[in-house]
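Inspection log for the structure reproduced underneath, given as structure tokens.
Remember, predicted model here, so these are calculated numbers, not experimental data.
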Amino acid sequence: MSIFSSLNTAVSGLQTAQTGVNVTSNNISNAENKNYTRQRVVQKSNTPIANGNVLVDSGVDIKSISRVHDEFVYTRYQQNSERTAYIDTLKTNLEEVSSYFPEMEGVGIDNDLQDYYRSWSSLAQDPSSDAQKSVVISSAENLSTNIRNSYDKLDNLQESLNQDIKTSVDEVNFILKNIAELNGEIEGMEVDGSTANELRDQRDSLETTLSRLVGATFVHGNISDSGDDPTLSEAKGLYSVIIGGVAVVSGTSYHELEIDNTSNKSGYYSIGLKTEDGSVMDMTSQIKKGKVGAMLELRGNEFDENGEVTNGLITEYKDKLNIFTEGLIESTNSIYAESASQKMVSDRFDNVSENSNLIETFGVNSGNFDIKIYDKAGNEVGTRTVSIDETTTLNSPVDENSLMKQLQASYDDSGDGSLSNDFASQFDVTFNNGQLVISAKNPDSGYTFGIEDHGTNFAGSLGLNRFFEGTDASNIKVKRELSNSPQKLTAFKQPVEGDNGVADGMSRLETENWLFKSEKYGDSSGTILNAYKSFSVDLSSKTETISNRQETIKVQFTAIEQSLQDISKVSIDDELTNLMKYQTAYSAAGKVISTIDQMIDTLLGLK
């Protein structure tokens with residue numbers, strides 16, 4: 001082995017130490033880069049040189065500059081990132097929904113309901129007071145306005161989520177494109193066996209963002225030891241990205257998600273994936289993870305044949321607010337229809353024929369209701385009882401029990417042996433253009449009528465003699481005539497001075513049970529107040545459950561994030577130690593070179 005071989009050995013140490021300083025400097029420079037994985041120099045001994053019958057090592061070489069990366073830990077981090085994004089999105093939006101329905105004393109729909117019923121109770125004590133009538137109308141308007149505003153807020157939040165879904169899917173497509181491009185660059189740079197550290201850091205960052213968005217899964221051909229540390233691992237080989245069970249990236253090729261709202265009446269976006277044969281696979285109900293999965297769970301991810309969304313937490317809360325409001329409208333209007341009047345006109349109904357079934361078409365219940373007939377002096381002079389069962393139609397020729405036949409039949413309602421004061425002789429009943437109209441034949445006669453229900457909710461379902469207009473939470477409001485002229489509000493049942501039958505009946509609604517009908521969620525019975533409390537308690541309970549889950553997931557995420565940082569994050573203290581180590585090695589190698597230089601000078605000085 002020559003003296004120059006010794007020089008080469010020293011130079012290799014000098015170069016390796018210099019590389020170590022460069023890598024350490026790069027680590028320190030990226031200490032605050034959250035997407036950076038610290039790097040290290042992996043060294044190996046050079047091939048020994050034969051010197052006689054012995055082998056003498058010939059210095060050091062750099063095997064690789066590798067990331068300090070554990071693929072198994074990083075995969076767990078990505079999975080926990082997805083769960084965190086999912087639960088955070090749910091929690092944030094449910095807290096927003098909860099803020100629409102505060103349970104604090106003195107505010108919110110619950111307080112408005114109590115004020116509303118108290119105002120009717122006060123009117124019952126002084127049924128002719130115009131001032132108290134104004135209080136009733138004011139409290140009813142406050143209640144209906146708050147219900148509408150709350151529904152609108154739910155609707156706006158749902159629409160906002162819909163737009164966020166589109167934005168997020170666009171971001172997903174951008175990431176898929178970039179991952180596929182990075183795959184090609186990584187493959188090209190690693191063809192000689194090296195590791196494209198910076199490019200892998202970029203891809204890891206995109207993977208984590210994609211996990212947070214849609215809970216993607218990343219499949220690698222193999223996971224091998226990272227450098228010379230068997231406790232660390234690096235993914236290499238074939239590469240795929242899977243979303244909702246479908247591969248969207250394979251190596252350098254990718255498939256974008258398609259987003260479209262033209263086929264849905266609601267304008268809500270559906271997510272699809274175009275397959276090799278050109279057809280579009282629906283992915284809306286397949287994406288259940290990450291931020292997008294949570295937004296779809298909130299907004300809804302299933303549509304009926306008309307393109308209307310049929311599920312989702314916000315859809316559920318809108319539905320249940322509607323169920324409560326429909327009960328409020330129908331119960332109020334049912335009582336208000338007891339107030340004597342000369343004319344009542346129903347809501348307008350579409351697609352109604354004389355053969356239409358009353359229960360199926362108008363949503364009334366089986367049972368009966370009485371039409372009370374009053375003379376000019378306000379005396380009750382007769383009662384027409386109308387029965388409704390599962391077979392009752394509007395006016396079928398073969399149905400002797402049809403609604404119109406029962407209302408138009410001539411028989412002695414008062415039992416006085418005369419038909420002159422019966423219901424059919426004093427009032428016309430018609431059904432034209434989808435509306436039922438009951439009106440006095442001779443208004444000057446002074447005859448009036450009121451509808452007293454016994455479980456059918458006939459007047460409430462058809463909207464006869466309304467107090468509230470509208471059909472649900474989106475359009476409930478006080479009847480315009482009453483809103484403009486509160487003094488026209490009638491507190492009486494019989495048209496006589498001092499009668500408070502309607503006002504008293506309204507105040508009792510606060511404690512009386514009502515049937516809330518829903519094909520989707522099932523019928524339920526309870527008071528109007530309890531129906532709202534049940535709705536708000538269910539919302540609060542769901543929000544609290546999600547909040548508790550979020551705390552648990554947050555703890556798990558923090559733990560795995562710390563594990564990842566312990567492995568891969570740059571530690572300034574460690575890097576300064578490495579810097580001193582490489583500086584010492586560099587100085588030592590320089591000393592060796594200086595010594596060899598002196599030896600060469602000595603050798604050249606020999607004569």
Side-chain angles (χ1 to χ4, degrees), residues 333-347 349 352 354-359 361-362 364-466 490-497 499 501-502 505:
N333 289 348
S334 181
I335 296 295
Y336 199 66
E338 294 181 6
S339 181
S341 175
Q342 286 197 321
K343 183 177 182 179
M344 295 187 187
V345 181
S346 77
D347 295 335
F349 295 88
V352 178
E354 61 181 13
N355 295 318
S356 295
N357 183 279
L358 286 191
I359 293 177
T361 303
F362 302 107
V364 300
N365 306 317
S366 296
N368 61 75
F369 63 89
D370 293 332
I371 299 180
K372 299 291 185 178
I373 308 165
Y374 305 101
D375 63 16
K376 192 171 186 177
N379 300 309
E380 182 181 333
V381 296
T383 300
R384 170 66 59 93
T385 299
V386 177
S387 298
I388 297 174
D389 59 28
E390 291 79 3
T391 64
T392 305
T393 63
L394 177 63
N395 195 24
S396 172
V398 297
D399 179 12
E400 295 302 321
N401 194 42
S402 72
L403 173 67
M404 299 300 287
K405 286 186 174 66
Q406 291 187 70
L407 292 175
Q408 294 171 339
S410 294
Y411 52 81
D412 187 8
D413 293 315
S414 60
D416 60 1
S418 172
L419 296 179
S420 62
N421 59 358
D422 78 316
F423 179 73
S425 66
Q426 294 296 330
F427 297 93
D428 285 322
V429 182
T430 61
F431 192 93
N432 293 314
N433 299 319
Q435 283 186 303
L436 178 69
V437 179
I438 305 175
S439 58
K441 291 183 177 180
N442 179 16
D444 294 335
S445 69
Y447 275 90
T448 58
F449 72 97
I451 300 175
E452 189 173 296
D453 195 68
H454 303 293
T456 66
N457 188 33
F458 175 76
S461 295
L462 272 74
L464 292 165
N465 201 27
R466 282 183 167 275
T490 53
F492 60 79
K493 184 175 179 181
Q494 290 184 234
V496 294
E497 184 71 25
D499 187 88
V502 165

How many angstroms lie between CG in L403 and OG1 in T392, if you round to the nearest 0.5 Å?
8.5 Å
Using every non-hydrogen atom in the two residues, find where G434 and S346 come nearest and quote the distance to one decimal.
O-OG, 4.5 Å
Which value, rounded to the nearest 0.5 Å, describes the distance between K493 atom NZ and D499 atom CG?
8.5 Å
Tell me whether Q494 contacts the main-chain N or O of G378 through its side chain, where contact means a donor paired with an acceptor under 3.5 Å.
yes
Can you find a pair of side-chain heavy atoms, one from I359 and one from S366, that are under 4.5 Å apart?
yes
What residues form a salt bridge (Lys or Arg N to Asp or Glu O under 4.0 Å) with D347, not counting sequence neighbours?
R466
Closest non-hydrogen atom pair between S418 and D416, with its separation
N-OD1, 2.9 Å
Nearest heavy-atom pair of F423 and L407: which atoms, and what distance?
CD2-O, 3.4 Å
Looking at S334 and D453, what are the two nearest heavy atoms and their distance?
OG-CB, 3.8 Å
Applying ring pair (Phe, Tyr, Trp, His ring centres under 6.0 Å), can you list everything that pairs with F362, at least two apart in sequence or on another chain?
F349
Taking only residues two or more places apart in sequence or in another chain, which ones pass side-chain hydrogen bond (donor to acceptor under 3.5 Å, both in side chains) with D412?
S414
Sequence neighbours excluded, the answer for side-chain hydrogen bond (donor to acceptor under 3.5 Å, both in side chains) partners of N368 is none
Return the set of residues passing side chain to side chain contact (heavy atoms under 4.5 Å, CB included) with N365 (not counting sequence neighbours), or none when no residue passes.
N457, L515, K517
Test V364 against L462 for side-chain contact (heavy atoms from CB on, under 4.5 Å), laying out the working first.
CA-CA 8 Å; V364 300; L462 272 74; 3.9 Å; yes
All side chain to side chain contact (heavy atoms under 4.5 Å, CB included) counterparts of T490, not counting sequence neighbours:
Y336, S339, F492
Quick one: does any side-chain atom of Q426 pair with a main-chain N or O of S420 as donor and acceptor, under 3.5 Å?
yes
Say you draw a straight line from CG of L436 to CZ of F431; how long is it, rounded to the nearest 0.5 Å?
6.5 Å
Do D413 and T383 have side chains that approach each other closer than 4.5 Å (heavy atoms only, starting at C-beta)?
no
Using the test side-chain hydrogen bond (donor to acceptor under 3.5 Å, both in side chains), find all partners of Q406 that sit at least two apart in sequence or belong to another chain.
N401
Polar side-chain atom of T361 near backbone of L358 as donor-acceptor pair, under 3.5 Å:
no
Kindly write out the residues that satisfy salt bridge (Lys or Arg N to Asp or Glu O under 4.0 Å) with E380, not counting sequence neighbours, or none if the list is empty.
K372
Which ring pair (Phe, Tyr, Trp, His ring centres under 6.0 Å) pairs, counting each pair once, include a residue from residues 367-404, with sequence neighbours left out?
F369-F458
With sequence neighbours left out, write down each residue that passes salt bridge (Lys or Arg N to Asp or Glu O under 4.0 Å) with D375, or none if nothing qualifies.
none
What do the steps show when you test L394 against V352 for side-chain contact (heavy atoms from CB on, under 4.5 Å), and what is the final call?
CA-CA 9 Å; L394 177 63; V352 178; 3.8 Å; yes
Return each pair, listed once, that meets side-chain hydrogen bond (donor to acceptor under 3.5 Å, both in side chains) where at least one residue sits in residues 434-451; pairs must be two or more places apart or across chains.
R348-Q435
Indicate yes or no for a side-chain donor-acceptor contact from D370 to the backbone of I451 under 3.5 Å, with no hydrogens or angles considered.
no
Would you say the side-chain atoms of N395 pair up with the backbone N or O of M404, donor to acceptor, closer than 3.5 Å?
no
Examine R384 relative to Y411 and say whether NZ or CZ is less than 6.0 Å from the centre of the six-membered ring and inside a 45° cone about the ring axis.
yes
Heavy-atom closest contact (T391 atom, D399 atom, distance):
O-OD2, 3.6 Å
If the condition is salt bridge (Lys or Arg N to Asp or Glu O under 4.0 Å), which residues does K405 pass it with, not counting sequence neighbours?
none
When rounded to the nearest 0.5 angstrom, what is the spacing between CE in M344 and CD1 in I371?
8.5 Å
Ignoring hydrogens and geometry, is there a side-chain-to-backbone donor-acceptor pair from T393 to S396 under 3.5 Å?
yes
